[in-house]
Protein chains: 2
Amino acid sequence: MNTRLSGPERRQSILKASQQLFADKGFHGVSIDEIARAVNVSPAILYRHFDSKQALYDTVLQELSSQRESYVDMVVNSDANFEEVLTGMTEVFIRSIDENPNLLRIEMQSLLNGDPASSEFFENRWKSFADYINFSLNERLGYDVADREIKILSASLMFQGMVREALLQKYLQPKDRLVDVSLNELSHELVTLFLKAVGIHDSQISQKAP
Amino acid sequence: MNTRLSGPERRQSILKASQQLFADKGFHGVSIDEIARAVNVSPAILYRHFDSKQALYDTVLQELSSQRESYVDMVVNSDANFEEVLTGMTEVFIRSIDENPNLLRIEMQSLLNGDPASSEFFENRWKSFADYINFSLNERLGYDVADREIKILSASLMFQGMVREALLQKYLQPKDRLVDVSLNELSHELVTLFLKAVGIHDSQISQKAP
DNA sequence: ACAGGGAAAGTGAACGATCACTAACTTAGT
DNA sequence: ACTAAGTTAGTGATCGTTCACTTTCCCTGT
């Protein structure tokens, strides 16, 4: 016999199954019946916990966003140098995807369908990187450098791009080039490349942040 | 009254509308009726030209893949140096997306749902970059460098990542940071950053490719 | 200790709409 | 008049959703 769950327990079991299915197939790729089957429950039960399929999807998104770590603390509260902070932020970010790749899948889903609410959440996840890079580069780049703004913009775009690409290749590509590479190795190598690109060398990275 | 099109003309008009809709909403997000409505034709007509919805989608993909430019020629047939070739390839690639952003959208769609046939096509588009970078870095990096393979891997991953990120931000994000930046400016800036990252400076980039 | 009642968990069967798809028919072009 | 483009009106299946109903659990009055 199937044991009967309490309200909150059942709600959680629905959210868990929904997150997996929505991440795999997208909103339109999953039916209520399919979710109900995954939870071993009749479809009508879902409507006791959520008003509609859309409301269920929204809740899945909201659930994911509440689990997010705060990289910001890391930046503000530490006296580490640029390289160390960036490596640390990258590691935390990569690990959060490693622990739950659905986060990456659903981010790409919402990037495509362009839902404003969810897009904003995912943009904010990246914003920590952009902000920190913009801030640090602003300090280091002389104010007389030509094309100052586009250089800084390109740099943060480059960093975001290489981290995202690494994650896409590691967790979304079937034929994977990165299966053997560890997270630490990867984030360290990416940050090193980035530092060379923006012209911050070993001689400089020992200065402490303010 | 609506003029009646010939077979091939109608087929093309269906493909055109389908490409747009599939790119915007994905395979499951679009119905046959919706496509028919966009073409101003009854749904039954679609089945005179395509066996099924899936076959129509496959044809849209195939159509896109046949339009692709060959960057490879550019590499093989030119005597330009590393920087020039890379900039040229990047410009061609970016321009192809600029002319038809659906290419980018559908690439991300198929990256997510993981259809093997389409994934392979889109992987091959990037492969030109990876191959050229791998080849060139192999020549330039000394064979005694530590972590040789992962350095080369990271570099090509970085390049692919920053180009893809730029395109995602320019053509998929609603609030765009890159609206004002021209294609040439962008590709030049990205390549410059990349060259600094992999340690190829102005003194070296004047050597010609073999 | 125990019936019983009420709340909550869960079910089965249906709703109308829409899905992909098809057969029989009509219209237009040459 | 023949061929090919296009329509009408459906097929059964599945979609999201609702309703009337049953089952289980636990608390309470005696």
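Values in this document were obtained by computation on a predicted structure and should not be read as measured data. Chain naming here is simple, since letters A, B, ... match the order of the sequence lines and numbering starts at 1 in each. Every heavy atom of this structure was used, including side-chain atoms; hydrogens, water molecules and symmetry mates were not.
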Would you kindly give the CZ-to-C1' distance between Phe50(B) and dA5(D), to the nearest whole Å? 15 Å
Quick tally for nucleotides 7-19 of chain D: nucleotides whose base has a protein heavy atom under 4.0 Å get B, sugar-phosphate-only ones S, the rest -, giving BB------SSBBB
Pairs involving residues 156-166 of chain A, ordered by first then second residue, that meet side chain to side chain donor-acceptor pair (under 3.5 Å) (sequence neighbours left out): Glu107(A)-Arg164(A), Gln160(A)-Glu165(B), Arg164(A)-Glu165(B), Glu165(A)-Gln169(A), Glu165(A)-Gln160(B), Glu165(A)-Arg164(B)
Going by the rule side-chain hydrogen bond (donor to acceptor under 3.5 Å, both in side chains), which residues pair with Asp33(A) if we only count those two or more places apart in sequence or in a different chain? none
Looking at residues at least two apart in the chain, or sitting in another chain, which of them share a side chain to side chain contact (heavy atoms under 4.5 Å, CB included) with Glu91(A)? Thr87(A), Arg95(A), Asn184(A), Ser187(A)
Scan residues 12-25 of chain B for pairs that pass side chain to side chain donor-acceptor pair (under 3.5 Å), counting only residues two or more places apart or in two chains. Arg10(B)-Ser13(B), Gln12(B)-Glu63(B), Gln19(B)-Asn100(B), Gln19(B)-Asn102(B), Gln20(B)-Asp24(B), Gln20(B)-Asn102(B), Lys25(B)-Glu34(B)
How would you list all residue pairs meeting side chain to side chain donor-acceptor pair (under 3.5 Å) that involve residues 49-59 of chain A, not counting sequence neighbours? Gln54(A)-Asp58(A)
Enumerate donor-acceptor pairs with a distance under 3.5 Å from any side-chain N or O in residues 148-155 of chain B to protein atoms, sequence neighbours excluded.
| unit_1 | atom_1 | unit_2 | atom_2 | d |
| --- | --- | --- | --- | --- |
| Arg148(B) | NE | Gly142(B) | O | 3.1 |
| Arg148(B) | NH1 | Asn138(B) | OD1 | 3.0 |
| Arg148(B) | NH2 | Asn138(B) | O | 3.1 |
| Arg148(B) | NH2 | Asn138(B) | OD1 | 3.2 |
| Arg148(B) | NH2 | Leu141(B) | O | 3.2 |
| Lys151(B) | NZ | Ala146(B) | O | 3.3 |
| Ser154(B) | OG | Ile150(B) | O | 2.7 |

So among Phe135(A), Phe159(A), Tyr132(A), which one has a ring pair (Phe, Tyr, Trp, His ring centres under 6.0 Å) with Phe82(A)? Tyr132(A)
Applying side-chain hydrogen bond (donor to acceptor under 3.5 Å, both in side chains) to Glu9(A) and not counting sequence neighbours gives Ser6(A)
Strand-adjacent residues in residues 5-21 of chain A, judged by heavy atoms under 4.0 Å from DNA chain D: none
Atom CZ of Arg4(A) and atom P of dA9(C): how far apart are they, to the nearest Å? 9 Å
